[in-house]
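These notes are about the structure you will find just below.
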Amino acid sequence: MSEETEAIIEAAMFISSEPLSVGKLRKVSGKDKEEVNSSLENIRKKFSDEGHGIELFQSAEGYELRVKPEYLDEVSHLTPYSDLSRGQLKVLALVAFKGPIKQSNIAKIIGNRAYSYIKDLERKQLIRTEKHKRTKTLEITDEFKNYFGIEERKELEEKLEETLGEDSEKLLEKA
Amino acid sequence: MSEETEAIIEAAMFISSEPLSVGKLRKVSGKDKEEVNSSLENIRKKFSDEGHGIELFQSAEGYELRVKPEYLDEVSHLTPYSDLSRGQLKVLALVAFKGPIKQSNIAKIIGNRAYSYIKDLERKQLIRTEKHKRTKTLEITDEFKNYFGIEERKELEEKLEETLGEDSEKLLEKA
Amino acid sequence: MKEQEILKFARTEPNWEETLDWIISQEGIDPWDIDLVDLAEAFSEFVSKWQKFNFTVPARVVIVMAILLRIKVELLMWEEKEEEKDPEEVEIEELDIDVSDIPHLEAPKKRKPVRKATADELIDAFKKAFDTKERREKRKQRKERRVKEAMPIDGQQEDIEERIEKLYKRIDNILENMKEGKTTFSDLLPEWNREEVVRNFSPLLRLNQEGRVDAEQSDYFEDIIIKIGENHE
């Protein structure tokens with residue numbers, strides 16, 4: 001019964017707090033790789049229909065259901081939860097405004113938990129680390145620009161100045 | 001364009017952290033009551049199809065998308081979140097398994113914080129209070145059965161027996 | 001009941017019959033139709049106000065109050081029982097179970113819908129990152145200060161034995177000049193602050209243990225009373 005497989009995979013992606021790999025979906029549904037893949041294909045087709053506001057999205061992390069980008073602006077205020085935790089956001093902000101920045105420098109500002117946030121952000125491909133001899137430096141990625149919908153990092157700095165005024169310079173000098 | 005209305009309503013319900021009223025859906029979609037209602041009806045029909053693992057659910061609090069109860073057991077391990085706190089769940093368990101039960105009796109078992117949990121649960125319409133001269137008694141509602149996907153108290157007791165074995169009999173005898 | 005009146009009445013040193021009589025007249029209770037619940041309440045209110053003036057309440061009056069209150073409780077319980085028999089009232093037994101015995105109910109899991117973070121949130125996080133740093137540094141400084149305060153200050157660091165003897169001498173001196181033969185911990189200290197308390201408390205414990213002084217604290221946070229001990233030299 002392929003319909004039931006589709007249903008359970010849809011339910012799994014709906015409730016999951018993170019994207020699911022094919023392996024994970026096989027486990028949940030108890031079906032083989034082929035059936036999982038063809039079910040995913042059917043789900044993708046169903047939701048691509050214009051009457052749907054959500055879609056199947058595949059990223060490096062796996063499969064997930066998400067709001068179609070064209071509706072995101074209109075509905076995203078309906079949830080208070082962002083997919084980045086406060087700690088992750090702090091690290092990301094430091095990399096965005098002060099990058100390339102040494103990993104150890106970030107830990108000095110945020111504390112030791114910074115290392116686990118850095119790992120999370122790398123997994124989400126929002127930052128990348130580069131190794132120089134003894135130190136690791138961090139920088140934002142193209143995926144970061146996609147995520148925030150900007151072309152250049154400069155756009156962010158302008159926004160920072162707009163919101164903070166003179167304080168922005170002081171902050172940028174720190175660290 | 002009714003298809004777009006359906007899409008945006010679906011997107012809104014997908015991303016919202018709480019059930020949405022028709023009023024709220026009108027605001028988000030910019031459509032009138034009739035169009036919102038007929039869109040909701042179409043969405044309900046679409047998801048009732050066997051190939052879907054999620055459904056449109058209407059409760060006292062509004063409309064929401066949720067996993068179809070028959071798939072819940074198989075996928076609920078994929079998220080750590082539930083919208084009832086442990087304290088609320090304890091009160092709810094007492095009312096479900098021992099109700100009708102006196103409000104003062106619950107406070108005696110759980111402590112004074114019980115009163116605020118009772119209020120929360122009443123707001124969610126999972127329990128209702130009945131006033132008799134000097135005492136208030138609590139009972140579960142139909143909404144409770146909806147929420148847990150349970151038809152009758154008997155089913156609850158069976159579920160309890162499954163998890164607790166012999167202990168459940170002792171507990172139920174005390175009631 | 002006005003406090004002024006009670007004051008006047010209490011001065012006459014009444015016995016319990018007179019007290020009862022007085023309350024009935026003061027409260028305007030019909031002596032031929034006394035509501036015992038009301039009377040008990042008025043009586044106990046009277047006694048507690050009486051006590052407030054620091055007068056010694058005669059024991060018999062207190063006993064009468066206790067009897068009246070017991071009658072009141074019994075009456076109320078009887079009334080409640082009567083009400084429970086009321087056919088409208090549902091009979092619900094009181095459960096006597098422990099919190100840990102409550103059956104486990106698992107709430108249906110919910111999806112937690114998330115959205116992307118916004119540029120504004122990123123800017124806010126940038127600001128907060130430095131706040132966090134400052135807070136952490138301040139916390140560290142506070143902690144260091146506290147440790148310093150609790151430790152003897154350099155230069156003043158002296159041998160514990162020396163401190164014990166000094167304290168003992170001080171106690172001895174004070175007691176010699178006093179008739180009652182006892183002093184308090186707070187009187188011993190040149191100044192009541194954390195540093196002095198810490199400096200002197202453990203020497204005092206040692207002296208007490210050795211029986212050279214007899215230190216006693218009647219309750220938590222009460223001052224410590226110090227007397228000369230059995231092994232006084």
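Keep in mind that the numbers below use all heavy atoms, side chains included, and drop hydrogens, waters and symmetry copies. Below, chains carry the letters A, B, ... as their sequence lines are ordered, and counting in each starts from 1. Just so we're clear, the structure is a prediction, and the values are computed from it rather than from any experiment.
Side chain of A:Lys46 to main chain of B:Gly51: a donor-acceptor pair is present (N/O by atom type, distance under 3.5 Å, no hydrogens or angles).
For CG of B:Asp32, the number of neighbouring non-hydrogen atoms (other residues, nucleotides, ligands) closer than 6.0 Å is greater than 12. Atom NZ of A:Lys102 has 12 or fewer heavy atoms from other residues, nucleotides or ligands within 6.0 Å. For A:Arg86, the CZ atom counts as loosely surrounded, since its 6.0 Å shell holds 12 or fewer non-hydrogen atoms of other residues, nucleotides or ligands.
The CD1 atom of A:Ile43 sits 9.0 Å away from atom NE2 of B:His52, with the distance rounded to the nearest 0.5 Å. Annotation: the span from A:Glu50 atom CD to B:Ser2 atom OG amounts to 11.5 Å, rounded to 0.5 Å.
In this structure, no portion of A:Ser39 lies under 4.5 Å from any heavy atom of chain B. Of the atoms belonging to B:Asn42, not a single heavy atom falls under 4.5 Å from chain A. Neither the backbone nor the side chain of A:Lys68 comes within less than 4.5 Å of any heavy atom in chain B.
Between A:Phe47 and B:Phe47, the angle of the ring planes lies from 30° to 60°, which puts this pair in the tilted group. A:Phe14 and B:Phe14 have perpendicular rings, their planes meeting at more than 60° on a 0 to 90° scale where under 30° would count as parallel.
Contact of the A:Leu72 side chain with the B:Ile15 side chain is registered, since non-hydrogen atoms from C-beta on lie closer than 4.5 Å.
In terms of non-hydrogen atom pairs under 4.5 Å with chain B, the most contact-rich of A:Asp49, A:Val75, A:Leu20 is A:Val75. Chain B forms more heavy-atom pairs under 4.5 Å with one residue of A:Leu65, A:Leu78, A:Ile9 than with any other, namely A:Leu78. Ranked by heavy-atom pairs under 4.5 Å with chain B, the list A:Gly30, A:Ser76, A:Ala12, A:Pro80 is led by A:Ala12.
In this structure, A:Glu10 and B:Gly53 approach most closely via the heavy-atom pair OE2-N, 3.0 Å. Among all heavy-atom pairs drawn from B:Glu74 and A:Ile8, the shortest one is OE1-CD1, 2.9 Å.
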